[in-house]
Amino acid sequence: MARTVVGSAVVVREKFFWPDAQLNFWTIVMLATAGTILGVFAEFMVIQNRMQQAIPWIIPYGITVGALTIAWILVMLVLIAQRRLLPGVVMLFSFILLVLFIAGIVGTALNLFAGPNISNQCNTYVNNFSSQAYGSSVETLAWLQQNNICQCWNAAFAFWIIGTVFFVWIMVMASQVNQNQYG
């Protein structure tokens, strides 16, 4: 019986060594960041719906980006568990999410600081009345809710920035892993 060899393939699997402590810290901070952004904008959507107000584009955008970030981190965790997390894939998806986070910074900043903005409204109607909001009354509860909304806008803006910085960091880390600087 004659044997013929049509072709042969050599499978080479390169191992990438990710720094465990840095990757774990990045994952925890980014889960907190994405969860905060998702939660804050989901709360805003509930408030806008309850008050029968139009929903600005930044609210569903924040919910979507927060959910996409959590989904990407879960995919990363599965790939880490299988030892198949590739630096190129991390750089690609991190860059996409970086661009989305930068757009989130811009959108939130426009709402917070441009024109008739939330920051001025908070200073005028909430922060200037903090000394008067005491006791068991409807006015105190209303002030607490308004103060919560103002602080949530500030938190959302801060977490957009944190997420942006951390996506740049994971891209740098992925490029270092690709160059075998941790192995």
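Every value quoted in this text rests on a predicted model; they were computed, and no experiment measured them.
No side-chain donor from either of Thr33 and Thr36 sits under 3.5 Å from a side-chain acceptor of the other.
Side-chain atoms of Asn178 do not come within 3.5 Å of backbone N or O of Ala174 as any donor-acceptor pair. Using a distance-only test at 3.5 Å, with no hydrogens or angles considered, a donor-acceptor pair links the side chain of Gln48 to the main chain of Ala54. For the pair Thr124 (side chain) and Gln121 (backbone), a donor-acceptor distance under 3.5 Å is absent. A distance-only check finds no donor-acceptor pair linking the side chain of Asn120 to the backbone of Pro116 [under 3.5 Å]. A donor-acceptor contact shorter than 3.5 Å is absent between the side chain of Tyr61 and the backbone of Ala103.
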(request) Decide yes or no on side chain to side chain contact (heavy atoms under 4.5 Å, CB included) for Ser94 and Leu97, but give the supporting numbers first. (result) CA-CA 5 Å; Ser94 295; Leu97 288 168; 5.9 Å; no
(request) Apply the test side chain to side chain contact (heavy atoms under 4.5 Å, CB included) to residues Asn111 and Ile58: give CA-CA distance (whole Å), side-chain angles for both, the deciding distance (0.1 Å), then the verdict. (result) CA-CA 9 Å; Asn111 282 296; Ile58 191 68; 3.3 Å; yes
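When hydrophobic clusters are built by joining Ile, Leu, Val, Met, Phe, Trp and Tyr residues whose side-chain heavy atoms come closer than 4.5 Å, directly or via intermediates, Val78 is not grouped with Ile73. Using a 4.5 Å cut-off between side-chain heavy atoms of Ile, Leu, Val, Met, Phe, Trp and Tyr, with links allowed through other members, Met91 and Val99 fall into different hydrophobic clusters. In this structure, Leu98 is not a member of the same hydrophobic cluster as Val106, with clusters built from ILVMFWY side-chain heavy atoms closer than 4.5 Å. Leu79 and Leu86 fall within a single hydrophobic cluster, where Ile, Leu, Val, Met, Phe, Trp and Tyr side chains are chained together by heavy-atom contacts under 4.5 Å. Cluster membership for Ile28 and Leu77, using ILVMFWY side-chain heavy atoms within less than 4.5 angstrom, is not shared.
For the atom pair CG (Leu31) and CG (Leu74), the distance works out to 7.0 Å, reported to the nearest 0.5 Å. Once rounded to the nearest 0.5 Å, the distance linking CH2 of Trp18 with CE of Met76 reads 6.0 Å. Here SG of Cys122 is found 9.0 Å from CD of Gln151. Values are rounded to the nearest 0.5 Å. One finds the CD1 atom of Ile118 at 11.0 Å from the SG atom of Cys152 (value rounded to the nearest 0.5 Å). Residue Thr164 holds its OG1 atom at 3.5 Å from CD1 of Ile105, rounded to the nearest 0.5 Å. Distance check: Thr64 OG1 to Ile37 CD1 gives 12.0 Å after rounding to the nearest 0.5 Å.
Counting heavy atoms from C-beta outward, Gln145 and Asn148 have side chains that approach closer than 4.5 Å. Residues Thr69 and Phe167 have side chains in contact (heavy-atom distance under 4.5 Å, counting atoms from C-beta outward). In this structure, Phe113 and Phe157 have side chains that are in contact, with non-hydrogen atoms separated by less than 4.5 Å. Considering only heavy atoms from C-beta on, Phe44 comes within 4.5 Å of Trp153 through its side chain. Side-chain atoms of Trp160 and Val65, non-hydrogen and from C-beta on, do get closer than 4.5 Å to each other. Residues Ile47 and Met51 have side chains in contact (heavy-atom distance under 4.5 Å, counting atoms from C-beta outward). Side chains of Leu23 and Ile170 form a contact here, defined as non-hydrogen atoms less than 4.5 Å apart. You'll find the side chain of Val90 stays beyond 4.5 Å of the side chain of Met173, heavy atoms only.
Residues Val177 and Pro87 share a closest heavy-atom pair of CG1-CG, 3.8 Å. The minimum heavy-atom distance linking Thr140 with Gly135 is given by the pair OG1-O, 3.1 Å. Heavy atoms only, all atoms of each residue included: Gly62 and Phe41 are closest at CA-CD1, 3.7 Å.
If you look at Phe166 and Trp169, their ring centroids are closer than 6.0 Å. Centroid-to-centroid, the aromatic rings of Phe101 and Phe159 stay 6.0 Å apart or farther.
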